[in-house]
Amino acid sequence: MSSNPEQDQLSQQILETASGLYLKYGLKKVTMDDISKAVGKSRTSIYYYYKNREEVFQAVLDNLIKEVITEIDDRMNARKSFEEKIHEFCMVKVKTSQERASFFRAIEAGMDAEEKSKHITDAHNRMMEAEKNLLLKVFSTSIHKNEIPKVSIKEQETVIFILLSSIRGIRREMVLKNNFDDLAGTVKTLTSMVVQHIS
């Protein structure tokens with residue numbers, strides 16, 4: 001795709017519009033026609049960017065993941081120590097998941113088990129991968145600054161997997177109880193467990 005700002009803007013507009021439509025009607029009900037009408041452009045101009053509904057949806061997901069990762073990265077960069085960065089990661093992770101929960105609920109609406117497994121599992125795996133890479137960067141920088149001991153990549157990946165699974169589990173339980181009062185304390189404990197383990 002060219003780097004014409006007007007075209008980039010239209011591509012972005014298509015994704016934002018599609019995103020809004022998914023939120024309102026669910027993924028399954030939204031057609032390329034709906035998107036072109038809502039954007040106010042011909043179907044041909046929509047097809048110039050995206051071959052089909054699936055491509056639009058994947059691009060919307062990519063966008064969403066990029067947004068989340070950028071937000072987490074920015075917030076972690078504002079923190080100094082390894083421990084603060086990990087703590088910030090967990091806090092922002094719960095917050096961004098909460099903000100986007102309604103979007104995922106709307107997407108899931110009307111999907112059968114196979115579609116859910118295809119779309120939602122795919123989104124989940126891509127998000128996990130992006131978060132893992134973000135945390136590996138934090139490990140690498142902190143090891144480089146001699147802030148934490150040299151930990152093998154395999155060990156880093158194990159710790160990161162446990163951290164990501166834990167924070168998702170914590171968020172899920174708090175959602176079920178509809179009570180986030182103890183989030184800060186819970187995250188503090190999880191963070192210090194990570195720090196103690198690698199020290």
Side-chain angles (χ1 to χ4, degrees), residues 16 19-27 60-111 113 116-117 119-143 145 147-149 151 155-199:
E16 281 165 16
S19 210
L21 291 170
Y22 296 152
L23 196 53
K24 208 166 170 186
Y25 305 108
L27 175 67
V60 166
L61 271 189
D62 282 340
N63 232 16
L64 183 77
I65 291 168
K66 227 178 282 163
E67 272 174 23
V68 171
I69 293 300
T70 302
E71 183 174 346
I72 296 174
D73 198 24
D74 289 348
R75 294 277 298 273
M76 282 199 313
N77 285 333
R79 300 288 174 208
K80 293 268 186 288
S81 71
F82 176 79
E83 187 165 354
E84 287 170 343
K85 285 177 188 290
I86 296 296
H87 185 273
E88 191 65 21
F89 172 88
C90 295
M91 294 299 285
V92 182
K93 180 68 208 136
V94 172
K95 184 176 108 24
T96 55
S97 299
Q98 271 312 95
E99 286 168 356
R100 288 163 177 85
S102 53
F103 176 77
F104 281 104
R105 274 196 303 274
I107 282 178
E108 282 184 32
M111 277 188 186
K116 257 186 206 166
S117 139
H119 292 296
I120 305 305
T121 307
D122 177 51
H124 172 82
N125 291 342
R126 278 156 68 182
M127 188 70 88
M128 286 276 278
E129 189 62 26
E131 290 165 359
K132 181 181 91 172
N133 291 332
L134 205 54
L135 289 166
L136 282 170
K137 198 172 78 180
V138 173
F139 267 89
S140 167
T141 308
S142 301
I143 289 170
K145 293 196 310 207
E147 193 193 339
I148 59 171
V151 194
E155 183 63 18
Q156 289 175 40
E157 288 183 339
T158 303
V159 171
I160 288 169
F161 174 73
I162 293 167
L163 179 68
L164 292 178
S165 306
S166 303
I167 204 64
R168 279 178 165 79
I170 290 164
R171 187 189 79 85
R172 198 168 44 241
E173 292 307 316
M174 289 184 168
V175 166
L176 288 174
K177 292 190 178 103
N178 194 20
N179 183 349
F180 287 84
D181 294 348
D182 200 28
L183 179 63
T186 306
V187 165
K188 191 169 190 256
T189 304
L190 179 61
T191 305
S192 65
M193 285 162 76
V194 168
V195 172
Q196 276 168 13
H197 175 75
I198 57 171
S199 303

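Owing to the predicted nature of the structure, the values given are computational and were not obtained by experimental measurement.
- Residues I65 and A123 approach most closely at CD1-O, 4.1 Å, considering heavy atoms.
- Legend: residues meeting side-chain contact (heavy atoms from CB on, under 4.5 Å) with A106, ordered by chain and number and at least two apart, are L23.
- Scanning both residues, P149 and I143, for their nearest heavy atoms gives O-CG1, 3.5 Å.
- In terms of heavy-atom proximity, M174 sits nearest to T186 at CE-OG1, 3.7 Å.
- Partners of E155 by side chain to side chain donor-acceptor pair (under 3.5 Å), not counting sequence neighbours, listed by chain and number: H197.
- In this view, H87 satisfies the ring pair (Phe, Tyr, Trp, His ring centres under 6.0 Å) rule with no residue, not counting sequence neighbours.
- For K66, the side-chain contact (heavy atoms from CB on, under 4.5 Å) criterion is met by no residue, not counting sequence neighbours.
- Here T96 contributes atom OG1 and R171 contributes atom CZ; the two are 9.0 Å apart, rounded to the nearest 0.5 Å.
- Applying the side-chain contact (heavy atoms from CB on, under 4.5 Å) rule to D62 yields the partners R126; only residues at least two apart in sequence or on another chain are considered.
- For E147, the salt bridge (charged side-chain N to carboxylate O under 4.0 Å, His left out) test picks out no residue, with sequence neighbours left out.
- For V151 against Q156, the heavy-atom pair with the smallest separation is O-NE2, 2.8 Å.
- A distance of 7.0 Å separates OG in S19 from CD1 in I107, rounded to the nearest 0.5 Å.
- The distance from atom CE of M91 to atom CD1 of I167, rounded to the nearest 0.5 Å, is 8.5 Å.
- Among residue pairs with one or both ends in residues 84-95, those qualifying as salt bridge (charged side-chain N to carboxylate O under 4.0 Å, His left out) are E71-K95, R75-E88, R79-E88, K93-E131, K95-E99; sequence neighbours excluded.
- Taken to the nearest 0.5 Å, the CD1 atom of I160 stands 4.0 Å off from the CG atom of L136.
- Legend: residues meeting side chain to side chain donor-acceptor pair (under 3.5 Å) with N133, ordered by chain and number and at least two apart, are absent.
- Applying the side chain to side chain donor-acceptor pair (under 3.5 Å) criterion to N63, with sequence neighbours excluded, gives no partner residue.
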### Message
For a side-chain contact (heavy atoms from CB on, under 4.5 Å) check, start with the C-alpha distance between L183 and C90, then their side-chain angles and the critical distance, and finish with the verdict.
### Response
CA-CA 10 Å; L183 179 63; C90 295; over 6 Å; no
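- Scanning for side-chain contact (heavy atoms from CB on, under 4.5 Å) contacts around I162 gives T158, S166, with sequence neighbours left out.
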### Message
Show, in sequence, the C-alpha distance, side-chain angles and deciding distance for L190 and I86, and conclude whether the side-chain contact (heavy atoms from CB on, under 4.5 Å) test is met.
### Response
CA-CA 9 Å; L190 179 61; I86 296 296; over 6 Å; no
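- The CZ atom of F104 sits 11.0 Å away from atom CG of L27, with the distance rounded to the nearest 0.5 Å.
- With sequence neighbours left out, F82 forms a ring pair (Phe, Tyr, Trp, His ring centres under 6.0 Å) with F139.
- Using a distance-only test at 3.5 Å, with no hydrogens or angles considered, no donor-acceptor pair links the side chain of S117 to the main chain of A113.
- Sorted by first and then second residue, the salt bridge (charged side-chain N to carboxylate O under 4.0 Å, His left out) pairs involving residues 172-199 (not counting sequence neighbours) form an empty list.
- Remark: I120 CD1 to E108 CD distance equals 4.5 Å, nearest 0.5 Å.
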### Message
Walk me through whether L135 and F161 qualify under side-chain contact (heavy atoms from CB on, under 4.5 Å).
### Response
CA-CA 10 Å; L135 289 166; F161 174 73; over 6 Å; no
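- No side-chain heavy atom of K137 sits under 4.5 Å from any side-chain heavy atom of M76.
- Residue Y25 qualifies as open at atom OH: its count of foreign heavy atoms under 6.0 Å is 12 or below.
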